[in-house]
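Okay, structure first, notes after.
These values consider heavy atoms only, across backbone and side chains, with no hydrogens, waters or symmetry-generated copies. From a predicted model like this one, the values you see are computed outputs, not experimental measurements.
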Amino acid sequence: MSVTAIVCARDEERHICDCLESLAWADRRVVFLDSRTTDHTAELAEAAGAEVVPHLFENFAQFHNAAMERVEAEWVFFVDADERATPPLGQEIRSVIDGQCEEVAWAVPRHNYIFGRLTLGAGWYPDYQSRLLLRARVRWERPVHEVIVTDGPRGYLHNPLIHYNYDDLADFITRQERYSDIDAQILLEQGVRPRFYTPYSQALRHFWWRFVALHGARDGLHGLRLSLLMAYYEGVKYRKLARAVGATASAAAPR
């Protein structure tokens, strides 16, 4: 059976060539390009031998579903541009799709490099991501923090993807500000209403969860730093939610 590697990308000229090189084992490589891209991702991908398919981005689930609709392979393997598929992972994927497996979706563990360091504690490993999918049996749902829905069993691969996550503190802050905006909006739509102490209690709970329950301590000072940062932005998320709740209430108040 054939497998197409799909790289969903926007402004990824820094990563795209190395990413595509790591996918040389796939039968076909497609860069599904966000139409908002302004750099040289498309030209570099085509020079590397990949097919480039520009597409209008609406939300993450729609983008992934559209990518699957544009390819004809039985299996698709989704990769982000800042990820690398190792040769052992490629061999394992080949073994899975050539076998008589019942699974229609396979989750892949990730080795996350954060601030340039492999991070195994605080919830960053195994960090399973559903990436190897039997195209006709899977679809994506939810506009953000997208998830897959399958009509069959799922499996877990053993060899990890390499993920070059946050480059530095500035990159971390930029993305966490964006993520906390999205998550606060989701909580608002779910009807969550925080109390005045919620940002602080949630931050403390999140730190305990990351550093103790998820063994952030195994990464030493690096794990402590990450656990504190993630806890801080958990509090930020609930402060943003509180402001959004207040703004909604003010807008609804009679004048």
Side-chain angles (χ1 to χ4, degrees), residues 8 10 12 14-15 59-61 78 80-84 107-131 140-148 156 160-250:
C8 293
R10 177 188 177 189
E12 291 287 1
R14 183 163 66 99
H15 287 293
N59 59 63
F60 289 103
F78 280 96
D80 291 339
D82 59 359
E83 295 173 337
R84 311 288 182 264
V108 186
R110 291 198 299 186
H111 274 168
N112 284 284
Y113 283 81
I114 301 175
F115 308 153
R117 175 171 171 173
L118 176 60
T119 306
L120 298 175
W124 297 102
Y125 184 81
D127 189 27
Y128 280 108
Q129 305 290 316
S130 296
R131 298 297 184 82
W140 297 82
E141 292 188 352
R142 291 204 322 214
V144 293
H145 303 309
E146 66 279 10
V147 296
I148 63 165
Y156 293 85
L161 271 171
I162 306 300
H163 183 206
Y164 294 106
N165 211 326
Y166 307 102
D167 293 332
D168 50 31
L169 183 59
D171 181 30
F172 180 92
I173 291 172
T174 298
R175 285 199 263 170
Q176 288 299 321
E177 287 291 341
R178 184 169 71 251
Y179 297 156
S180 58
D181 285 340
I182 294 170
D183 289 340
Q185 183 61 35
I186 291 173
L187 291 174
L188 180 66
E189 293 170 356
Q190 291 175 343
V192 176
R193 298 296 181 263
R195 298 181 181 275
F196 73 91
Y197 56 79
T198 302
Y200 309 102
S201 62
Q202 288 295 331
L204 287 172
R205 183 179 294 115
H206 199 82
F207 174 77
W208 179 269
W209 179 60
R210 291 274 181 182
F211 193 66
V212 180
L214 296 180
H215 308 294
R218 72 182 297 179
D219 290 307
L221 291 176
H222 176 67
L224 175 62
R225 181 190 190 192
L226 280 176
S227 298
L228 287 169
L229 285 168
M230 295 301 294
Y232 172 77
Y233 275 100
E234 187 71 6
V236 167
K237 176 176 71 178
Y238 281 91
R239 286 197 293 273
K240 289 181 177 180
L241 172 62
R243 289 197 294 269
V245 169
T248 301
S250 298

Give every donor-acceptor pair under 3.5 Å between a side-chain atom in residues 179-188 and any protein atom, sequence neighbours left out.
residue, atom, partner, partner atom, Å
Ser180, OG, Gln176, O, 2.9
Ser180, OG, Glu177, O, 3.0
Ser180, OG, Lys240, NZ, 2.8
Asp181, OD1, Lys240, NZ, 2.8
Asp183, OD1, His145, NE2, 2.5
Gln185, NE2, Glu189, OE2, 3.1

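Ion pairing between a basic and an acidic side chain is recognised when a charged N comes within 4.0 Å of a carboxylate O; Asp80 and Arg131 show such pairing.
Residues Arg84 and Tyr164 have side chains in contact (heavy-atom distance under 4.5 Å, counting atoms from C-beta outward). With contacts defined as side-chain heavy-atom distances shorter than 4.5 Å, the pair Asp167/Arg14 qualifies.
To the nearest 0.5 Å, atoms CG (Asn112) and CG (Leu161) are separated by 10.0 Å. Annotation: the span from Ile148 atom CD1 to Arg142 atom CZ amounts to 12.0 Å, rounded to 0.5 Å. One finds the CD atom of Gln129 at 8.5 Å from the NE2 atom of His163 (value rounded to the nearest 0.5 Å). Within the model, atoms CG of Leu226 and OG1 of Thr119 stand 5.5 Å from one another, a figure rounded to the nearest 0.5 Å. One finds the CZ atom of Arg117 at 15.0 Å from the CG atom of Asn165 (value rounded to the nearest 0.5 Å).
Judged by distance alone, the side chains of Asp82 and His15 never bring a donor and an acceptor atom under 3.5 Å apart.
With respect to Met230, the side chain to side chain contact (heavy atoms under 4.5 Å, CB included) criterion is satisfied by exactly one of Trp124, Phe207, Phe211, Trp209: Trp124.
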| task | Quick one: do Leu120 and His111 satisfy side-chain contact (heavy atoms from CB on, under 4.5 Å)? Show the steps, please. | result | CA-CA 7 Å; Leu120 298 175; His111 274 168; 4.0 Å; yes

| side-chain contact (heavy atoms from CB on, under 4.5 Å) evaluation trace for Tyr238 with Leu241 | CA-CA 5 Å; Tyr238 281 91; Leu241 172 62; 4.0 Å; yes

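Between Tyr200 and Phe196, the shortest heavy-atom contact is CE1-O, 3.7 Å. In this structure, Val245 and Pro194 approach most closely via the heavy-atom pair CG2-CD, 4.2 Å. Between Arg110 and Tyr125, the shortest heavy-atom distance links the atoms O-CD1, 3.2 Å.
No donor-acceptor pair under 3.5 Å is formed between the side chain of Ser227 and the backbone N or O of Leu224.
Sequence neighbours left out, not one pair with a member in residues 202-223 passes salt bridge (Lys or Arg N to Asp or Glu O under 4.0 Å).
Judged by the 6.0 Å distance and 45° axis criteria, Arg178 is not positioned over the aromatic ring of Tyr233.
Classified by interplanar angle (parallel below 30°, tilted 30° to 60°, perpendicular above 60°), the ring pair Phe115/Phe172 is perpendicular.
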